[in-house]
Each structure stands twice: as structure tokens, then as C-alpha cells.
There are 2 protein chains.
Amino acid sequence: MTNSKSFMDAALEEARDAAARGEVPVGAVLVLDGAVIARAGNRTRADNDITAHAEIAVIREASATLGQERLAGADLYVTLEPCTMCAAAISFARIRRLYYGAEDPKGGAVDNGVRFFRQPTCHHAPDVYSGLGETEAADLLTGFFRSKRES
Amino acid sequence: MTNSKSFMDAALEEARDAAARGEVPVGAVLVLDGAVIARAGNRTRADNDITAHAEIAVIREASATLGQERLAGADLYVTLEPCTMCAAAISFARIRRLYYGAEDPKGGAVDNGVRFFRQPTCHHAPDVYSGLGETEAADLLTGFFRSKRES
């Protein structure tokens with residue numbers, strides 16, 4: 001649990017860095033055998049790439065580092081409930097455990113929306129743990145969108 | 001229709017090239033204002049990247065070329081029904097029209113599976129046209145998987 005908290009803290013740090021860059025503040029960390037293999041914040045604007053969500057970024061980085069397509073045994077920590085695109089990517093990458101912070105009723109696809117991991121066309125589902133770092137993750141997002149509306 | 005056929009032929013060519021490289025044979029072409037902006041085959045193996053489906057590859061390439069995150073007004077031609085990850089990416093990119101060849105009951109997410117474009121968490125849906133180049137697209141996939149089983 002102590003480790004899980006420190007990994008989610010690292011993901012929250014990535015989310016804060018994303019906010020500072022003007023990106024929607026979501027951060028992710030990918031862990032294998034107790035070590036961080038990749039960490040990233042959302043960078044869709046910086047990269048002009050709608051697929052550059054934090055989850056996709058860490059999966060790609062980890063795969064590049066390890067030289068393998070699939071990340072069996074890896075755990076993913078992300079501050080926000082993954083969207084439909086990311087949930088499917090998490091499944092394809094064979095991620096073992098998914099820890100996410102805040103729920104996303106509008107765009108999430110794990111416990112909201114299409115609930116991808118419970119569908120017959122999902123061929124691998126991670127174990128899911130939600131709520132870790134939830135308040136901080138949600139506050140970051142609320143603050144970000146409030147400042148956008150006011151600017 | 002003539003144009004649509006020639007764009008799907010280009011996507012089929014990309015699928016054949018993918019097969020020749022040992023990749024699952026799926027190809028895609030992205031068209032804006034009547035011109036091909038990007039074309040790619042599936043390259044998950046070559047890139048060690050489970051997100052490198054043909055659709056994601058052309059969306060990334062087109063966004064990089066145009067220097068913009070979203071591709072409003074663009075049409076995507078792909079030989080196989082997009083999966084859950086790609087359907088969501090197509091929505092995020094604001095693709096106008098999606099033309100796909102063969103249906104994919106096991107992994108598709110447009111007319112099968114989560115039918116993402118019809119869900120409340122889908123905030124932009126393209127117009128969908130299916131069946132163009134269907135037989136060739138399906139034959140390519142069947143041939144590929146048969147040769148894998150026999151090798």
C-alpha cells in the first residue's frame with residue numbers, strides 16, 4: 001500500500017506538470033517488478049496528437065524501453081479513470097493491475113461508459129483498483145477547468 | 001464512388017504491405033479535401049507498440065503533417081472495422097467519414113462490440129460506410145491467419 005501510494009504520488013506529480021504546460025492534468029506511471037519503467041503526463045497539445053494521453057504515452061515508452069509489445073505483469077497508475085481508447089490499449093498491452101484515482105462519468109470506460117473490461121470483445125482485463133489519490137486527482141482537474149473558464 | 005474505391009484500394013495496398021512484413025494485414029488512408037494526407041499499415045510488431053494500428057498511425061501522421069490535433073473534415077479509409085481503441089481515437093480526432101472494409105465481430109467496435117459511436121460517452125461520431133473492398137480485406141486477413149497456423 002505504501003508503494004502504491006508513492007506510485008500514485010508520482011502520477012499526480014506528472015498530472016501537475018501537465019497542468020503547468022497547459023495540458024489537461026492527467027498523469028500516469030508504469031511499474032514492473034517494483035520499479036518505475038515509464039512516467040508521463042498527458043501531452044496531446046504539445047505533440048499535436050490526440051492519442052497522446054498519459055496512459056498511451058507510458059505504454060509506448062515502456063514498450064520502447066523493454067523492446068516488447070506487451071507488458072504482462074506490469075501495473076499502471078493513472079490519476080483519472082481511463083477513456084475508451086486507453087482502456088482498450090491497457091487491455092492490448094496485457095497490463096496486470098490498473099490503479100486509477102478519480103472516476104470520469106463523462107469519458108471513462110472502466111466503471112463508466114462502455115465498461116470495456118467487462119465486454120465480450122475485451123480479451124484481457126486487468127485487476128482494477130480505484131480511488132487511490134482520488135481527491136487530489138479530481139481537485140487538479142476541477143482547478144484546471146475552472147481556470148480555463150475564467151481565463 | 002470512384003474516388004472512394006481508389007482510396008480503399010490504397011488502404012488495401014497498405015494492408016498487403018503489412019502482411020509482407022509479417023504484420024496483421026490492415027491498412028488505412030486518411031484523406032482531406034480529396035488528397036491523401038497519410039497512409040499506413042498496421043506496424044505493431046515493427047514498432048513494438050500495441051497502439052500502432054493502421055488507424056492510429058495515419059491519425060498521428062496526418063496530425064504531425066498538418067500541425068493540428070484534430071482532423072475535422074477528414075475521411076478515413078480502413079480495410080477492417082476499427083477496434084475499441086481506434087474507434088475512440090477516430091472520435092477524438094473528429095474524423096468526418098469512416099469507410100471500412102470487412103466487419104470484425106471479435107474485435108470491432110463500430111457495428112460490433114461496444115458500438116462506440118452510439119454511446120453517450122462518445123462526443124463525436126463520424127458517418128460510417130462499411131463493405132467497401134470487404135472481400136479483398138477479409139481474404140487478406142483469412143490468408144494471413146491461415147499461413148500463420150500452417151507455419
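Chain A is the first sequence line, chain B the second, and so forth, proteins listed ahead of strands; every chain is numbered from 1.
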key: Any donor-acceptor N/O pair, Asp49(A) side chain to Arg60(B) backbone, under 3.5 Å   = no
query = Do Val29(A) and Val58(A) sit in the same hydrophobic cluster, where Ile, Leu, Val, Met, Phe, Trp and Tyr count as joined when their side-chain heavy atoms come under 4.5 Å apart?
reply = no
Thr84(B), part contacting chain A, at a heavy-atom distance under 4.5 Å = both
remark   = Looking only at His53(B), Arg70(B), Met85(B), Glu69(B), most heavy-atom pairs under 4.5 Å shared with chain A are made by Glu69(B)
Contact class of Arg115(A) relative to chain B, heavy atoms under 4.5 angstrom = neither
request  = Pick one of side chain, backbone, both or neither for Cys86(A), based on which atoms fall under 4.5 Å of a heavy atom in chain B.
outcome  = neither
task = Show your working on side-chain contact (heavy atoms from CB on, under 4.5 Å) between Ile50(B) and Ile59(A) and close with a plain yes or no.
result = CA-CA 8 Å; Ile50(B) 54 97; Ile59(A) 287 172; 4.2 Å; yes
inquiry  = Need one label for Gln119(A): side chain, backbone, both or neither, based on atoms under 4.5 Å from any heavy atom in chain B.
reply    = side chain
Output side-chain donor-acceptor pairs under 3.5 Å for residues 122-133 of chain A, partner residues at least two apart or in another chain, one line each.
residue   : atom : partner   : partner atom : Å
His123(A) : NE2  : Thr121(A) : O            : 3.4
His123(A) : NE2  : Lys106(B) : O            : 3.1
His124(A) : NE2  : Ile95(A)  : O            : 2.7

task = Tell me, out of Ala52(B), Ala89(B), Gly107(B), Ala62(B), who's got the most heavy-atom pairs with chain A below 4.5 Å.
result = Ala89(B)
query = Same cluster for Val114(A) and Phe117(B) if Ile/Leu/Val/Met/Phe/Trp/Tyr side chains link at under 4.5 Å?
reply = yes
message = Test of understanding: clusters of I, L, V, M, F, W, Y form through side-chain heavy atoms closer than 4.5 Å, transitively. Do Ile90(B) and Leu66(B) belong to the same one?
response = yes
query = Between Leu71(B) and chain A, which part of the residue has a heavy atom less than 4.5 Å away: side chain, backbone, both or neither?
reply = neither
query = What about Leu140(A) and Val78(A), same hydrophobic cluster or not, with Ile/Leu/Val/Met/Phe/Trp/Tyr joined at side-chain heavy-atom distances under 4.5 Å?
reply = no
remark   = Among Pro120(A), Gly67(A), Gly108(A), the residue with the most heavy-atom pairs under 4.5 Å to chain B is Gly67(A)
key: same_hphob_cluster(Tyr77(B), Ile37(B)) at 4.5 Å side-chain heavy-atom cutoff   = no
message = So, taking the atom named CD1 in Ile56(A) and the one named CD1 in Ile56(B), what distance separates them when rounded to the nearest 0.5 Å?
response = 6.5 Å
